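No experiment lies behind these values; they were computed from the predicted model shown. Heads up: numbering here begins at 1 and tracks the sequence.
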Amino acid sequence: MLVLLSVAFCIFLGAEAASYETPEYILPCNRSNPNVNECLLGTFNHLRPYLVEGIPDIGVPSIEPLVISRLSMENGAGAVRVRALFQNITVFGASNYTVGGIDADLENYSIILGLTIPRIEVRGKYEVGGNVLLFPVRSKGDFWASFNDVDAVAQIIGKEVTREDVRYMRIEKLAADFKLKTSRFKVRDVINTGNVIGEAMNRFLNNNANEIIEEMKPAAATAIARHFKAFLNNAFLKIPLNVWLPDA
């Protein structure tokens with residue numbers, strides 16, 4: 001899902017105004033194109049090698065690995081009620097994405113993206129506090145996770161805004177969802193290190209991975225969407241609308 005939102009940024013920048021030289025990483029797609037979805041599929045495939053290296057011109061970091069400094073989430077309902085903070089996150093495998101489908105309505109600045117990724121590996125720092133089932137949990141340390149056969153969908157909805165007589169697009173809504181076939185977790189708990197609690201945490205995570213993911217998925221999807229919405233708006237509100245969408 002993280003890579004999906006990074007790629008979505010480039011897709012929305014999929015056209016440059018005629019007065020600007022089109023960068024080599026862009027295959028232009030006008031919103032009036034009756035086959036715009038097919039055009040965007042071509043843009044996705046063309047972008048892959050550039051996304052691996054990163055595109056400094058438009059502020060897109062490399063997606064191999066994809067680095068996120070901080071994500072926070074909270075789940076206040078169900079059997080897993082926790083607050084979690086993840087930092088220094090490194091994601092491997094995101095560049096192996098395959099575009100599963102695109103449904104674009106560029107007249108209304110809306111696009112729905114579907115991606116599949118065979119395997120993602122994630123590492124970083126974590127801090128968790130709350131309750132799992134009826135048991136209080138407090139844990140902090142390093143984490144590792146792997147997710148196989150990832151299916152992700154994101155919807156981006158924008159709105160035209162005017163600043164000093166120049167038109168821009170602002171992201172009004174960004175929603176995301178994902179499914180995983182299998183997953184594994186490993187934590188190195190520095191609070192409960194050297195005792196049975198740390199090992200019990202690892203066993204619990206791996207033995208109940210699917211259930212935990214289902215419980216935490218809404219909070220995780222919201223946190224990821226919030227992160228990338230801020231990132232996208234930081235870029236879009238600096239780029240005039242007619243620069244990336246010539247027939248706007």
Side-chain angles (χ1 to χ4, degrees), residues 1-14 37 40-41 43-44 47-48 51 59-61 63-78 80 82-87 89-106 108-122 124 126 145-159 169-183 209-210 212-236:
M1 185 163 49
L2 302 173
V3 63
L4 187 154
L5 296 172
S6 293
V7 175
F9 170 63
C10 298
I11 288 297
F12 265 120
L13 295 182
N37 290 337
L40 292 176
L41 279 170
T43 299
F44 265 111
L47 273 171
R48 187 194 306 271
L51 291 175
V60 174
I63 64 170
E64 198 58 61
L66 178 62
V67 177
I68 299 176
S69 61
R70 175 188 174 99
L71 276 179
S72 61
M73 62 187 70
E74 180 175 359
N75 188 56
V80 181
V82 297
R83 292 182 178 179
L85 173 64
F86 301 94
Q87 300 184 86
I89 305 163
T90 305
V91 183
F92 300 91
S95 63
N96 295 321
Y97 69 83
T98 298
V99 182
I102 299 176
D103 185 6
D105 177 8
L106 297 184
N108 295 302
Y109 307 114
S110 172
I111 186 170
I112 299 174
L113 309 170
L115 292 180
T116 60
I117 305 174
R119 175 183 169 86
I120 291 178
E121 184 175 316
V122 186
Y126 79 95
S146 67
F147 307 108
N148 297 314
D149 297 326
V150 181
D151 290 318
V153 177
Q155 181 179 22
I156 298 172
I157 299 176
K159 178 182 179 181
M169 192 191 78
R170 180 177 64 214
I171 303 295
E172 292 289 290
K173 179 181 179 181
L174 198 161
D177 195 10
F178 61 93
K179 294 190 299 183
L180 312 172
K181 186 174 182 180
T182 59
S183 58
N210 292 334
I212 292 172
I213 289 171
E214 282 302 312
E215 289 282 352
M216 290 298 298
K217 187 164 67 171
T222 297
I224 292 170
R226 181 172 59 243
H227 172 83
F228 279 94
K229 180 181 177 183
F231 167 74
L232 290 170
N233 273 331
N234 183 57
F236 280 124

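Here the closest non-hydrogen pair linking Q155 and S110 is NE2-OG, 3.9 Å. The two atoms that bring A225 and L174 nearest to each other are CB-O, 3.4 Å, heavy atoms only. Here the closest non-hydrogen pair linking L180 and V150 is CD2-CG2, 3.6 Å. Residues A221 and A176 come closest through the heavy atom pair CB-O, 3.4 Å. Considering all non-hydrogen atoms of both residues, P65 and T90 come closest at CB-CG2, 3.5 Å.
In this structure, the separation between CD1 on I120 and CZ on F147 is 8.0 Å, given to the nearest 0.5 Å. Within the model, atoms CD1 of I89 and CD1 of I68 stand 5.5 Å from one another, a figure rounded to the nearest 0.5 Å.
Under the rule for a side-chain contact (heavy atoms from CB on, under 4.5 Å), the partners of K173 that lie at least two apart in sequence or sit in another chain are I157, A175. For S72, the side-chain contact (heavy atoms from CB on, under 4.5 Å) partners are L85, R226, not counting sequence neighbours. Residues satisfying the side-chain hydrogen bond (donor to acceptor under 3.5 Å, both in side chains) test with N108, not counting sequence neighbours, are D105. Annotation: side-chain hydrogen bond (donor to acceptor under 3.5 Å, both in side chains) contacts of R170 (sequence neighbours excluded): E172. Legend: residues meeting side-chain contact (heavy atoms from CB on, under 4.5 Å) with D149, ordered by chain and number and at least two apart, are K181. Partners of R70 by salt bridge (charged side-chain N to carboxylate O under 4.0 Å, His left out), not counting sequence neighbours: none found. For T98, there are no side-chain hydrogen bond (donor to acceptor under 3.5 Å, both in side chains) partners, not counting sequence neighbours. The side-chain contact (heavy atoms from CB on, under 4.5 Å) check on E74 picks up R83, with sequence neighbours excluded.
Between the side chain of Q87 and the backbone N or O of G124 there is no donor-acceptor pair closer than 3.5 Å. Although no hydrogens or angles enter the test, the distance criterion places no donor-acceptor pair under 3.5 Å between the side chain of E64 and the main chain of F92.
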Inset, instruction - For the pair I63 and Y97, evaluate side chain to side chain contact (heavy atoms under 4.5 Å, CB included) and give the outcome as yes or no after the intermediate values. - result: CA-CA 11 Å; I63 64 170; Y97 69 83; 4.3 Å; yes

Legend entry - Worked check of side chain to side chain contact (heavy atoms under 4.5 Å, CB included) between L115 and V99: CA-CA 5 Å; L115 292 180; V99 182; 4.0 Å; yes

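Pairs passing the salt bridge (Lys or Arg N to Asp or Glu O under 4.0 Å) check and including a residue from residues 108-118, sequence neighbours excluded, do not occur.
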